[in-house]
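Down below is the structure, laid out as structure tokens.
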Amino acid sequence: MVPWLSRELVFPRAESALLEPDGLLAAGGDLSPPRLVLAYSQGIFPWFSPGEPILWWSPSERMVLFPVELRVTRSLAKTLRNHPYEIRVDTAFREVMTACAAPRDGQPGTWIGPGMVDAYCRLHELGLAHSFETWEQGVLVGGLYGVALGRMFYGESMFSRVSNASKLAFVHMAWHLQACGFAMIDCQMYTPHLASLGARCIPREQFLATLKEQVALSSPEGMWSYRYSNESS
């Protein structure tokens with residue numbers, strides 16, 4: 001049986017998560033900043049559909065990117081060099097989340113409901129959640145958002161309105177985080193898209209050990225300042 005969380009800020013140990021469905025750890029609670037921070041610091045994240053109880057997860061294998069292992073294909077490198085675009089950070093957080101929540105082809109719905117958007121916007125206001133944004137001619141065309149604790153970054157979702165827009169944001173995110181001393185980016189679940197960029201699955205035990213080290217390090221505070229323009233190309 002899955003434990004039901006009370007008002008007390010406590011989670012079961014991540015290792016006690018179910019094997020089927022893989023990683024389901026607990027239900028209930030809320031999406032307050034203190035609970036979300038506690039969850040992420042212990043390798044736990046919320047994932048549920050609007051109208052359902054909040055579900056908390058810690059899968060037996062975790063998709064992660066070590067920034068030093070970022071893979072940039074020849075075609076993506078060409079886009080990075082030649083395509084006119086601009087990367088901004090933390091200038092349109094809610095807009096990025098709203099775009100990530102929009103229905104996608106072949107998917108019946110979204111797990112990013114209004115309550116989830118509001119919760120992560122509160123984290124953003126506290127300087128704990130950040131957006132990496134791809135802009136073309138002043139228009140937001142792609143991006144991603146995630147949570148930062150210590151020197152650990154937890155990627156949540158990404159979107160593209162034009163080809164390669166999310167990949168451009170992802171690459172610049174990895175470069176920026178590596179420059180700031182972040183050693184691991186949590187990508188949560190396996191996707192071919194993430195694998196093509198160098199992310200890979202590691203056992204939960206290894207993930208939690210690295211997480212513990214990274215969360216204990218000092219973190220860049222407040223809104224992040226990062227801009228890159230390739231619009232003169």
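Counting heavy atoms from C-beta outward, Ile185 and Pro67 have side chains that approach closer than 4.5 Å. Taking the side chain as every heavy atom from C-beta outward, Val64 and Cys187 never approach each other to under 4.5 Å. Using a 4.5 Å heavy-atom threshold, the side chains of Tyr228 and Glu86 count as separate. In this structure, the side chains of Arg151 and Ser218 come closer than 4.5 Å at one or more pairs of heavy atoms. Gln42 places none of its side-chain heavy atoms less than 4.5 Å from the side chain of Arg13. Taking 4.5 Å as the limit, every side-chain heavy atom of Leu140 sits out of range of all side-chain heavy atoms of Arg88. For the pair Leu25/Leu18, no side-chain contact is recorded, criterion being any heavy-atom separation below 4.5 Å from C-beta on.
With a 6.0 Å radius and a threshold of 12 heavy atoms from other residues, nucleotides or ligands, Gln137 has its CD atom at or below the threshold. Remark: Glu205 CD is loosely packed, at most 12 non-hydrogen atoms of other residues, nucleotides or ligands lying under 6.0 Å away. By the neighbour-count criterion of 12 heavy atoms within 6.0 Å, atom CH2 of Trp47 is sparsely surrounded, having that number or fewer from other residues, nucleotides or ligands.
Of all the heavy atoms in Ser6 and Arg35, the pair that sits closest is O-NH2, 3.0 Å. The two residues Ala26 and Val2 make their nearest non-hydrogen contact at CA-CG1, 3.3 Å. Counting all heavy atoms, side chain and backbone alike, Gly143 lies closest to Ala169 at CA-CB, 3.9 Å. Residues Asn230 and Leu80 share a closest heavy-atom pair of ND2-O, 3.2 Å. Contact detail for Gly146 and Phe153: the closest heavy-atom pair is CA-CZ, 3.6 Å. The shortest heavy-atom contact between Pro12 and Pro3 is CG-CG, 4.0 Å.
How far CE of Met97 is from CE of Met116: 7.0 Å, rounded to the nearest 0.5 Å. Note that OG of Ser60 is 10.5 Å distant from CD of Glu20, once rounded to the nearest 0.5 Å. A distance of 10.0 Å separates CG of Leu194 from CD of Gln188, quoted to the nearest 0.5 Å. The line from OG of Ser131 to CD of Glu95 is 8.5 Å long, rounded to the nearest 0.5 Å. Distance OG/Ser225 to NE2/His176: 8.5 Å, rounded to 0.5 Å. Taking CG from Asp186 and CZ from Phe207, the interatomic distance works out to 4.0 Å, rounded to the nearest 0.5 Å.
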Q: Please step through side-chain hydrogen bond (donor to acceptor under 3.5 Å, both in side chains) for the pair Thr91 and Glu133, ending with a clear verdict.
A: CA-CA 8 Å; Thr91 70; Glu133 310 143 12; 2.4 Å; yes
Q: Verify side chain to side chain contact (heavy atoms under 4.5 Å, CB included) between Cys100 and Val96, making sure each step is shown before the conclusion.
A: CA-CA 6 Å; Cys100 288; Val96 169; 4.2 Å; yes
Q.
Would Cys201 and Arg62 count as a side chain to side chain contact (heavy atoms under 4.5 Å, CB included) here? Give the steps.
A. CA-CA 5 Å; Cys201 288; Arg62 201 67 161 247; over 6 Å; no
(Q) Before you tell me yes or no, could you show the steps for Asp90 and Arg227 under salt bridge (Lys or Arg N to Asp or Glu O under 4.0 Å), namely the whole-Å CA-CA distance, both residues' side-chain angles and the distance that decides it to 0.1 Å? (A) CA-CA 10 Å; Asp90 284 348; Arg227 286 206 178 195; over 6 Å; no
Q: Walk me through it: do Met184 and Ile202 pass the test side chain to side chain contact (heavy atoms under 4.5 Å, CB included)?
A: CA-CA 11 Å; Met184 188 170 70; Ile202 62 173; 4.2 Å; yes
Q | Intermediate values then yes/no, side chain to side chain contact (heavy atoms under 4.5 Å, CB included), Phe170 and Leu144 | A | CA-CA 7 Å; Phe170 189 93; Leu144 59 90; 4.0 Å; yes
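Residues Tyr85 and Trp135 place their aromatic rings such that the two centres sit no closer than 6.0 Å.
Judged purely by atom type and a 3.5 angstrom limit, Ser41 uses its side chain to pair as donor or acceptor with the backbone of Val37. Although no hydrogens or angles enter the test, the distance criterion places no donor-acceptor pair under 3.5 Å between the side chain of Ser160 and the main chain of Gly142. No donor-acceptor pair under 3.5 Å is formed between the side chain of Asn164 and the backbone N or O of Leu76. Under a 3.5 Å cut-off, the side chain of Thr134 and the backbone N or O of Ile87 do not form any donor-acceptor pair. Within the 3.5 Å criterion, the main-chain N or O of His193 finds a donor-acceptor partner in the side chain of Ser196. A donor-acceptor contact shorter than 3.5 Å links the side chain of Trp56 to the backbone of Gly28.
A continuous path of hydrophobic side-chain contacts links Tyr120 to Leu128 [ILVMFWY only; heavy atoms under 4.5 Å]. Side-chain heavy atoms closer than 4.5 Å link hydrophobic residues (I, L, V, M, F, W, Y) into clusters, and following such links, even through other members, never connects Trp4 to Leu36. Note on Val141 and Val89: separate hydrophobic clusters, where clusters join Ile, Leu, Val, Met, Phe, Trp and Tyr whose side-chain heavy atoms are under 4.5 Å apart, directly or indirectly. Linking Ile, Leu, Val, Met, Phe, Trp and Tyr whenever their side-chain heavy atoms come within less than 4.5 Å leaves Phe182 and Leu217 in two separate clusters. Both Ile44 and Leu9 are assigned to one and the same hydrophobic cluster, defined by single-linkage of ILVMFWY side chains at heavy-atom distances under 4.5 Å.
Classified by interplanar angle (parallel below 30°, tilted 30° to 60°, perpendicular above 60°), the ring pair Phe132/Trp224 is perpendicular.
With respect to Asp22 and Arg204, no salt bridge is recorded, no charged nitrogen being found less than 4.0 Å from a carboxylate O. A salt bridge is defined here as a Lys NZ or Arg NE, NH1 or NH2 lying under 4.0 Å from an Asp or Glu carboxylate O, and Glu69 with Arg71 fails to meet this definition.
Not counting sequence neighbours, the partners of Phe93 by the ring-ring contact (aromatic ring centres under 6.0 Å, His included) test are His124, Tyr145. Under the ring-ring contact (aromatic ring centres under 6.0 Å, His included) criterion, Tyr40 pairs with Tyr154, not counting sequence neighbours.
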